Undergrad: 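Would you mind keeping the following structure in view while I ask a few things?
Computed from a predicted structure; not experimentally measured. First the proteins, then the strands, lettered A, B, ... as listed; each starts at 1.
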Amino acid sequence: MELSRRDILASMAAAGATQVAARPSAASVAQRAADPFGVLVDLTACIGCRKCEWACNQVNHLPAVPVQAFEDASVFASLRRPDASHYTVVNRFPGAGEDDKPVFVKAQCMHCDDPACCSACIVSALEKQPDGAVTYTAWRCMGCRYCMVVCPFQVPAYEYFNATTPQVRKCTFCHERISQEGKLPACVEICPPQCLTFGRRSELLALAHRRIAGGSGRYTDHVYGESEVGGTSWLYLSGIEFSELGFPVLGDAAPPRLTESLQHGVFKDFIPPLALFGALTAIVRLFRPDGEKPPAGEGRQP
Amino acid sequence: MTGHGAAPVRKPLLTPGVLLLLGLVALGMVFAWVRFASGLGAVTHLDDRFPWGIWIAIDVATGVALSAGGFTTAALVHIFHRRRYEALTRSALLTAVLGYTFVAFGIVMDLGRYYNIWHPALPSMWSGHSALFEVAMCVMAYLTVLYIELMPIVVERFAGRVRLPGPLGLLDGVVEGALRFFDRTLGRVMSVFIVLGVVLSTLHQSSLGTLMVLAPSKMNPLWWTPILPLLFLLSAIAVGFAMVVFESLIAARVFGRAPEMELLTPLSRVIPVLLFVYLAFKVGDVMIRGVVTRLGDGSAASLIFLLEIGLGVVIPLLMLLSERVRRRPGLLFAAAAMVVLGVAFNRINVFLTAFTPLYATRRYVPSVGEVAITVAFISGLLLLYRVLVSVLPVLPAEEQPQQQRTGSRHVHAAPPSSIGRWSA
Ligand code: SF4
Ligand code: SF4
């Protein structure tokens, strides 16, 4: 594996200036939080080989299927989604150009900058890491599945047939590999046409806009994930409208900002609940009727 | 029992109705066995698109809403001192105790890792950003408060009369002492718990509405609104009183008593006011957000929305404005039932109807197992209620002469019971 990784890194370097920071630097946690890693997916370059699916299954110990099985194009007949044993899947969509070349779209967790799933999680089993990855800690999880309810990209999946230790399952962004082992995510590492670029999110955005502005006319002027639901670590470039490729049309607001401000409004330093408690206690005392006599206000209610 | 307004019901327990409920509970337990042995997938129609089904929408969300009678009557009687309604507080309290207990059972059934249900209580797990965390903490705390509020009723029944069977008889003195201790301390601090219960209810009834606010892109805009928490709170307050009327009339029917119209008629006067406030916010919300025009599009969702508001809010509101309706047990029951079912329908709509996930290839329809387990929970709740009113002094004593509607309303107010002593 080591050799092939070096090969790929070398080929990436050869590919020139468009490839960004392949190896995570030893940046401080604070810096990384400010500028997490991301992946730019160039849909115009994807050939639908599904090698990323195979590599993902390997590193995440998902059902081992021989690599040849991923050459089977019949899976493209219906739309697939990531599930409990597939963290990433590639779908085929009809193209729009004169050549009518189909468009292949890799789907996985978007690793949102302000993830609804993390905001939802009752025990912080899902967490946004400084490296950009949204990670899952199974032993914390209660299995309430609220994260699945709120994910705007419909990503987290569940082990419904595991009776004792079911897990929420989704792409890990190869958290350990990118933050501790200095490796690339498995899918990025293997992608033959290198349509996946790993790097700092800010640099990927700059790269994406350079490509759009490049004048080739290959791209629509939209980097998907730049602002959707407050931004995502995974970014997409496409030749045709994203809404035709199964991407949800989402606003720029991160949903957690609304709910968390509602929560904080009600709970601000526990002042509102305490104020309510105080007010009700005051009512109990102030309006207490004397002794056994029926309350003076009794007649008011007809 | 001299001097007490409530007494255990003395009626044979093993009626055909009770046997039917037992059968339904047994059936549900078969499915529950499969769920715990083979996982959620073996019993439910839940999948990655529809992670929540009727166990959340009915057992949990509706269960919490319909248990609101506990805190609304407690507030009315013990905070706003409308003492004459005290006769209604005990059964409202018991309903809330049982309602929340079964909410907890429903959550255990639904959680994939139910054995981690205590995790939110661990400081290392605290997740203040999560609305669900807030709901969980408040429900746990409120359930505790409810059981504390129930203690005086247990004390009243058993203090001085503890007779444990067989060798347990040795513990009689200990239990007796504990009851006396509760009696002495609780009487003094009960006001704190009652106020605390109201505060906790306000918090979690509303936070339950915040849950779906976090999924704006997956919710039908007729129901998705940033003021969902407010709408949940307002409808819970309205349904609290309707629920008291509803169950009081059912209890009267089942136990062959005269309905307590001298209390229910005046109490139900407040329901249309509360319904109106709820309706005003609900209508104002769809107008201000500009989705009101969708109601004319003839879609199933808009029809369901109109039904929810029409049958669940507008019609009972209009009915309850009439004194004639409020005085007639049959009509009053119909109106109260519409409010109760309307709020249940609203919770189901918010959690299920309005939820439109991406890439769904089918709609969620509950499985036989899901329905059987929900029915078993409801049956179990009714059974426990039936047993507990036979053991504990919850319902007004029957020996008490029934008041005529024209009679003085004050006389019927329950004399101070244990729970009432703290503020007397
Ligand atoms: S895509 Fe979904 S699962 Fe992934 S980080 Fe965003 S909200 Fe969470
Ligand atoms: S299912 Fe687990 S990870 Fe998802 S919100 Fe619930 S506790 Fe968190």
Side-chain angles (χ1 to χ4, degrees), chain A residues 79 81 83-84 116 118-124 139-146 148-150 152-154 156-166 229 246 248 250-251 253 255-256 258-260 262-263 266-267 273 276-277 280-281 283-284 287-289 291-292 294-295 297-298 301-302, chain B residues 36-42 46-49 51-52 75 78-84 110-114 116-117 119-120 125 127-134 136 191 195-196 198-199 202-203 206-207 210-211 213-218 226 229 266 269 355 357-359 410 413 416 423-424:
Chain A
L79 182 86
R81 290 293 302 164
D83 62 29
C118 299
S119 174
C121 185
I122 180 168
V123 288
S124 298
W139 63 267
R140 298 181 78 98
C141 176
M142 296 165 61
C144 67
R145 309 184 301 286
Y146 185 28
M148 303 169 62
V149 169
V150 300
F153 300 101
Q154 203 69 51
Y158 202 62
E159 296 179 316
Y160 282 104
F161 287 90
N162 180 332
T164 48
T165 54
V229 289
L250 296 167
L258 174 58
T259 50
E260 289 183 21
L262 287 175
Q263 286 290 105
V266 174
F267 270 95
L276 180 61
F277 188 92
L280 292 175
T281 309
I283 292 174
V284 171
F287 297 92
R288 172 176 301 170
E292 298 286 319
E298 191 73 4
Q301 192 159 19
Chain B
F36 286 110
S38 312
L40 286 165
L46 301 176
D47 62 14
D48 292 342
R49 316 282 172 273
W52 282 356
H78 296 299
I79 294 179
F80 295 99
H81 302 293
R82 302 287 181 171
R83 283 302 184 71
R84 71 168 143 168
D110 191 77
L111 287 181
R113 296 175 171 231
Y114 46 87
N116 285 346
I117 190 168
H119 272 186
M125 297 277 178
S127 308
H129 48 75
S130 167
L132 191 59
F133 172 74
E134 202 236 292
S191 80
V195 174
L196 187 62
V198 173
V199 174
T202 313
L203 293 175
S206 54
S207 296
T210 313
L211 293 185
V213 178
L214 190 51
S217 58
K218 294 157 86 173
R269 240 185 111 89
F355 189 63
L358 303 165
Y359 317 114
H410 298 157
S423 60

Undergrad: Please verify the inter-ring angle class for His119(B) with Trp139(A); under 30° counts as parallel, over 60° as perpendicular, anything in between as tilted.
TA: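 Perpendicular, since the angle between the ring planes exceeds 60°.
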Undergrad: For the candidates Ile117(B), Val195(B), Val198(B), Leu40(B), which exhibits the highest count of non-hydrogen atom pairs separated by less than 4.5 Å from chain A?
TA: Val195(B)
Undergrad: Is the closest side-chain heavy-atom distance between Pro256(A) and Leu214(B) below 4.5 Å?
TA: yes
Undergrad: In terms of heavy-atom pairs under 4.5 Å, which option from Ser38(B), Ala136(B), Ser130(B), Ala75(B) contacts chain A the most?
TA: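 If we count pairs closer than 4.5 Å to chain A, Ser130(B) comes out on top.
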Undergrad: Taking Phe36(B), Phe80(B), Tyr114(B), Phe133(B) one by one, which has the highest count of heavy-atom pairs under 4.5 Å against chain A?
TA: Phe133(B)
Undergrad: For residues Gly112(B) and Arg145(A), report the shortest heavy-atom separation together with the two atoms involved.
TA: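 So the two residues come closest at N-NH1, 4.0 Å.
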Undergrad: Under a 3.5 Å cutoff, is there a donor and acceptor pairing between the side chains of Ser127(B) and Ser124(A)?
TA: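 Checked: Ser127(B)/Ser124(A) side chains pair up, N/O donor to acceptor below 3.5 Å.
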Undergrad: Would you check if the side chain of Tyr146(A) reaches a backbone N or O of Leu211(B) as a donor-acceptor pair within less than 3.5 Å?
TA: yes
Undergrad: Given a strict heavy-atom distance threshold of 4.5 Å, which part of Leu250(A) is in contact with chain B: side chain, backbone, both, or neither?
TA: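 For Leu250(A), the side chain is the part near chain B, not the backbone.
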Undergrad: Restricting to non-hydrogen atoms, name the atom on Val149(A) and the atom on Phe355(B) that form the minimum distance, rounded to 0.1 Å.
TA: O-CE1, 3.5 Å
Undergrad: Between Leu258(A) and chain B, with a heavy-atom cut-off of 4.5 Å, which part of the residue counts as in contact: side chain, backbone, both or neither?
TA: side chain
Undergrad: Of the listed residues (Ala116(A), Ala253(A), Cys121(A)), which shares the most heavy-atom pairs with chain B below a 4.5 Å separation?
TA: Cys121(A)
Undergrad: At a 4.5 Å cut-off on heavy atoms, which part of Cys144(A) comes close to chain B: side chain, backbone, both, or neither?
TA: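 Contact with chain B involves both backbone and side-chain atoms of Cys144(A).
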Undergrad: Mind ranking Ala215(B), Ala131(B), Ser207(B) by heavy-atom pairs under 4.5 Å with chain A and telling me who comes out on top?
TA: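 Most pairs with chain A among the choices: Ala131(B).
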Undergrad: Taking the side chain as everything from C-beta on, heavy atoms only, tell me whether Arg81(A) gets closer than 4.5 Å to Leu358(B).
TA: no
Undergrad: Atom CG in Leu280(A), atom CD1 in Ile79(B): separation rounded to 0.5 Å?
TA: 4.5 Å
Undergrad: Which atom names give the shortest non-hydrogen contact between Pro51(B) and Met148(A), and what distance separates them?
TA: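 Smallest heavy-atom distance, with atoms named: CG-CB, 3.5 Å.
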Undergrad: With only heavy atoms counted, which part of Leu203(B) is less than 4.5 Å from chain A, the side chain, the backbone, both or neither?
TA: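 Only the side chain of Leu203(B) comes within 4.5 Å of chain A.
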Undergrad: Atom CE in Met142(A), atom CG in Asn116(B): separation rounded to 0.5 Å?
TA: 7.5 Å
Undergrad: Search all heavy atoms of Thr165(A) against all heavy atoms of Arg113(B) and return the closest pair with its distance.
TA: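 The pair with the smallest heavy-atom distance is O-NH2, 3.2 Å.
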Undergrad: Where do Gly246(A) and Tyr359(B) come nearest, in terms of heavy atoms and distance?
TA: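 For Gly246(A) and Tyr359(B), the tightest heavy-atom pair comes out as O-OH, 2.6 Å.
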Undergrad: Indicate the atoms forming the closest heavy-atom contact of Pro120(B) with Val123(A), along with that distance.
TA: N-CG1, 4.1 Å
Undergrad: Looking at Leu262(A), Thr281(A), Thr259(A), Thr164(A), which makes the most heavy-atom pairs under 4.5 Å with chain B?
TA: Thr259(A)
Undergrad: If you count heavy-atom pairs under 4.5 Å between each of Ser206(B), Gly39(B), Ala37(B) and chain A, which one has the most?
TA: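 Option with the greatest count: Gly39(B).
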Undergrad: Is chain B contacted by the side chain of Leu79(A), its backbone, both, or neither, given a heavy-atom distance below 4.5 Å?
TA: side chain
Undergrad: Against chain A, label Pro229(B) side chain, backbone, both or neither, depending on which of its atoms sit under 4.5 Å from a heavy atom there.
TA: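 The answer is the side chain of Pro229(B).
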Undergrad: Quick one: what part of Asp83(A) sits under 4.5 Å from any heavy atom of chain B, side chain, backbone, both or neither?
TA: both
Undergrad: Could you check whether any side-chain heavy atom of Gln263(A) comes within less than 4.5 Å of a side-chain heavy atom of His129(B), counting everything from C-beta outward?
TA: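 Sidechains of His129(B) and Gln263(A): no contact.
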Undergrad: Can you check whether Asp47(B)'s main-chain N or O pairs, donor with acceptor, with Tyr158(A)'s side chain at less than 3.5 Å?
TA: no
